[in-house]
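Data block below; observations after.
The sequence lines fix the lettering, A, B, ..., with proteins before strands; numbering per chain opens at 1. Every value quoted in this text rests on a predicted model; they were computed, and no experiment measured them.
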Number of protein chains: 2
Amino acid sequence: MANRIEQLDGVFQALADPTRRAVVGRLGKGPASISDLAQPFDMALPSFMKHIGMLESSGLIRTQKTGRVRMCSIEKEGLRLVETWLSAQRALWEARTDRLEQFVTKSQRKGSSS
Amino acid sequence: MANRIEQLDGVFQALADPTRRAVVGRLGKGPASISDLAQPFDMALPSFMKHIGMLESSGLIRTQKTGRVRMCSIEKEGLRLVETWLSAQRALWEARTDRLEQFVTKSQRKGSSS
DNA sequence: TATTCGATTAGCCATAAGGCTAAGTATCAC
DNA sequence: GTGATACTTAGCCTTATGGCTAATCGAATA
């Protein structure tokens with residue numbers, strides 16, 4: 001599973017657009033069809049479809065076509081990747097909070113101000 | 001604070017690149033100069049500087065020049081934005097886990113894998 | 001069966017991203 | 001004050017992103 005890292009690229013990239021984050025937010029409340037999802041956005045359908053495509057290929061959502069309707073739902077594992085990465089970062093910087101704290105405390109004794 | 005949303009664009013965009021995530025990871029362990037940070041990457045300095053620029057303008061890192069050296073450090077508030085957004089999403093989908101669970105279970109019978 | 005409706009494909013366009021080289025600026029070390 | 005060091009600026013290139021229109025395809029429906 002070395003491609004976890006590459007998948008993170010896609011997930012973050014997908015989340016870097018407000019339309020796509022809104023879609024993720026909407027799908028967080030429950031599945032919806034493409035046109036349901038597209039309706040709030042002032043955008044041509046093909047443009048919107050590109051967003052859906054990026055969300056799906058990044059693994060943030062899942063879609064399935066039934067008849068002529070394509071239903072979309074959230075894929076929890078997508079956001080979980082982000083959570084995992086984020087936890088790792090937090091772990092890093094919290095591991096050195098003590099040292100930093102000491103440094104800052106020392107510095108403030110000499111320089112004061114805020 | 002309506003621009004929180006726009007700032008999220010930048011933060012996610014910044015994190016969508018492995019070089020930049022690596023820099024964030026490195027800075028999580030402590031501050032470093034530009035050339036220290038650049039050294040592990042096989043990339044011309046100006047290219048690397050663009051990454052630093054994006055990280056800084058997104059609010060993920062802070063930099064400060066002293067003499068001819070520019071020191072970079074992590075800006076915790078940047079990643080905190082992501083954490084906040086992520087919590088909001090989790091809150092959404094956990095509020096309806098039961099219904100989702102049923103839908104997902106059905107859908108997964110047909111597709112998905114890995 | 002003819003229409004309409006939901007989605008898709010194909011192509012175009014402008015801008016941004018991510019890389020490069022070459023040349024410039026400002027310290028710092030001699 | 002010469003030269004090395006650490007960035008910075010300017011400009012170029014290629015590919016990706018995010019938008020559009022027009023035309024197509026396959027269900028559903030009248």
When you get a sec, tell me which of C:dC20, C:dT8, D:dA28 is the closest nucleotide to the side chain of A:L45? C:dT8

Would you kindly give the CG-to-P distance between A:D9 and C:dA17, to the nearest whole Å? 15 Å

Interatomic distance, A:R21 CZ vs D:dG18 C1' [rounded to whole Å]: 15 Å

B:D36 with B:R26: basic N within carboxylate O range, under 4.0 Å: no

Where the side chain of A:S47 is defined as all heavy atoms beyond and including C-beta, which of C:dC20, C:dG18, D:dC20 is the nearest nucleotide? D:dC20

Are any of the side-chain heavy atoms of B:C72 and B:L27 separated by less than 4.5 Å? yes

Among C:dA29, C:dC20, D:dT17, the one nearest any side-chain atom of B:K50 is C:dC20

For B:H51 and C:dG19, is the shortest distance between a side-chain N/O and OP1 or OP2 below 4.0 Å? yes

Without decimals, in angstroms, what is the distance between B:D42 CG and C:dG18 P? 17 Å

Does A:S35 have a side-chain nitrogen or oxygen under 4.0 Å from the phosphate oxygens OP1 or OP2 of C:dA7? yes

Would you kindly give the CD-to-P distance between A:Q39 and C:dC5, to the nearest whole Å? 16 Å

Just compare C:dA7, D:dG19, D:dC20 and give me whichever is closest to any side-chain atom of A:M49. C:dA7

Report the distance from atom CE of A:M54 to atom P of D:dT17, rounded to the nearest whole Å. 5 Å

What's the CE-P distance between A:M43 and D:dG18, to the nearest Å? 10 Å

Applying side-chain hydrogen bond (donor to acceptor under 3.5 Å, both in side chains), can you list everything that pairs with A:T63, at least two apart in sequence or on another chain? A:E56, A:R70

Measure CZ/B:F12 against P/D:dT17 and give the value in whole Å, please. 17 Å

Contacts of B:V69 and A:F48 projected onto DNA chain D by closest heavy atom; the upstream (5') one is B:V69

Any side-chain heavy-atom pair from A:T66 and A:M71 closer than 4.5 angstrom? no

Classify B:S33 by what it touches in the nucleic acid, base, sugar-phosphate, or nothing, heavy-atom distance under 4.0 Å. sugar-phosphate

Nearest to the side chain of B:A44, heavy atoms from C-beta on, is which of C:dT8, C:dC20, D:dG19? C:dC20

B:P46 has a side chain; which of C:dA17, C:dT9, C:dA22 sits nearest to it? C:dA22

Can you see if the side chain of A:R68 gets near the phosphate of D:dT29 - specifically, an N or O under 4.0 Å from OP1 or OP2? no

If the plane angle is over 60° it's perpendicular, under 30° parallel, otherwise tilted; pick one for B:F12 and B:W85. perpendicular

Which whole-number value in Å describes the distance from A:D17 CG to D:dA16 C1'? 14 Å

